[in-house]
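The structure appears right after this line, and notes come after that.
Protein chains get the first letters and strands the later ones, always in sequence-line order, with residue 1 at the start of each. Since the model is a prediction, treat every value here as computed from it, not as a measurement.
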2 protein chains.
Amino acid sequence: MLYVRDSLDVINGKWKMMILISLMNGNRRFTEIERSIPKITSKVLAKELKDLEENQLITRTVHDSYPVLVEYSTTAYVKTLDKVLRELHNWGINHRKKIFGK
Amino acid sequence: MLYVRDSLDVINGKWKMMILISLMNGNRRFTEIERSIPKITSKVLAKELKDLEENQLITRTVHDSYPVLVEYSTTAYVKTLDKVLRELHNWGINHRKKIFGK
DNA sequence: TATATTTGCTTTCAAAAAGTAAGTAGTTAC
DNA sequence: GTAACTACTTACTTTTTGAAAGCAAATATA
């Protein structure tokens with residue numbers, strides 16, 4: 001289990017996974033993403049997006065149109081997180097059952 | 001991916017997973033655990049152990065011996081996290097390869 | 001034309017979390 | 001008697017988070 005630490009260093013945090021999932025669900029614009037994640041604030045979202053970009057998990061594209069659009073999308077690399085996310089999802093379902101009964 | 005949030009609420013944080021892994025590896029005493037996790041401080045460890053206990057992921061047993069011993073161990077429930085941890089481990093290996101090259 | 005609203009953020013200030021270092025009570029080893 | 005170990009706690013500093021407001025440019029509404 002030595003390498004769990006390495007994973008956590010990248011994807012740990014209250015929001016990173018949720019942002020990745022939001023992007024995988026097709027949200028691309030800043031405000032879309034913000035609205036898709038309950039309770040996140042724009043300051044935190046802006047910061048986390050920068051973080052994720054630095055870690056090459058997402059890309060930020062500015063479209064030179066009128067009005068200027070900024071689009072975020074996941075890189076191919078994020079697909080490698082699929083299994084992690086699936087297991088977290090499964091465990092979440094399970095845990096919810098345990099806590100709230102049935 | 002709706003339930004990832006529920007999982008994160010419980011096992012998120014810089015240290016929780018590492019503490020669970022340490023316990024799964026056989027460490028049971030406060031100081032053992034502390035020594036097994038680089039850079040964790042006793043204050044943070046004490047707090048996280050309380051958290052994990054409240055979430056019923058670990059148990060704390062005080063042995064009324066001389067000297068008094070305190071032992072921590074994971075509950076059966078933690079076994080359900082096995083897959084999550086395994087995937088995080090795998091991804092960590094993979095990520096390390098990507099960053100440092102093979 | 002004037003006002004309101006949207007987008008993609010940034011700024012300011014307050015609160016919470018995390019880290020650092022030292023301390024403590026009891027026990028035991030030297 | 002001095003030092004060391006165990007399982008923490010306390011006091012203080014630094015970092016991170018959060019809440020709220022602001023902003024420039026553009027578009028929509030009245």
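Residues that satisfy the side chain to side chain contact (heavy atoms under 4.5 Å, CB included) test with A:D9, not counting sequence neighbours, are A:R5. Not counting sequence neighbours, the partners of A:T80 by the side-chain hydrogen bond (donor to acceptor under 3.5 Å, both in side chains) test are B:W91. In terms of the salt bridge (Lys or Arg N to Asp or Glu O under 4.0 Å) criterion, A:D82 has no residue partners (sequence neighbours excluded). Residues passing the side-chain hydrogen bond (donor to acceptor under 3.5 Å, both in side chains) test with B:S73, sequence neighbours excluded: B:T59. Residues passing the salt bridge (Lys or Arg N to Asp or Glu O under 4.0 Å) test with A:E32, sequence neighbours excluded: none.
Between the P atom of C:dA18 and the CG atom of B:N12 lies a distance of 9 Å, rounded to the nearest Å. Rounded to whole Å, the distance from NE2 on B:H63 to P on D:dA7 is 11 Å. One atom, CD of A:E48, and another, C1' of C:dC9, lie 15 Å apart when rounded to the nearest Å. Per the geometry, CZ belonging to B:R28 stands 17 Å off C1' belonging to D:dA7, to the nearest Å. Following rounding to the nearest Å, A:L45 (CG) and D:dT16 (P) show an atom-to-atom distance of 18 Å. A:L49 places its CG atom 8 Å from the P atom of C:dC9, with the value rounded to the nearest Å. Atom C1' of nucleotide C:dT7 and atom CG of A:N27 are separated by 15 Å, given to the nearest angstrom.
Out of C:dG19, D:dA7, C:dG8, the shortest distance to the side chain of B:V70 is found at D:dA7.
Taking the centre of each ring, B:Y77 and A:H95 come in below the 6.0 Å mark.
Residues A:R96 and B:D6 share a closest heavy-atom pair of NE-OD2, 2.7 Å.
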Going by atom type alone, with no hydrogens or angles, which donor-acceptor pairs under 3.5 Å involve a side-chain atom of residues 47-58 of chain A and a protein atom two or more places apart or on another chain?
unit_1 : atom_1 : unit_2 : atom_2 : d
A:E48  : OE1    : A:K16  : NZ     : 3.2
A:D51  : OD2    : A:K16  : NZ     : 3.3
A:N55  : ND2    : A:D51  : O      : 3.4

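Between B:R29 and D:dA7 there is a side-chain polar atom (N or O) within less than 4.0 angstrom of OP1 or OP2. One finds a side-chain N or O of A:Y72 lying less than 4.0 angstrom from the OP1 or OP2 phosphate oxygen of C:dC9. When the side-chain nitrogen and oxygen atoms of B:W15 are compared with OP1 and OP2 of C:dG19, one or more of them lie within a distance under 4.0 Å.
Near-neighbour residues of DNA chain C inside residues 31-41 of chain A, defined by a heavy atom below 4.0 Å, number-ordered: A:T31, A:R35.
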If you restrict it to nitrogen or oxygen atoms, what contacts under 3.5 Å exist between nucleotides 10-17 of chain C and the protein, and what is each distance?
unit_1 : atom_1 : unit_2 : atom_2 : d
C:dT10 : O4     : A:S42  : OG     : 3.2

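Counting only residues at least two apart or on different chains, the salt bridge (Lys or Arg N to Asp or Glu O under 4.0 Å) pairs with a member in residues 19-31 of chain A are A:R28-A:E71.
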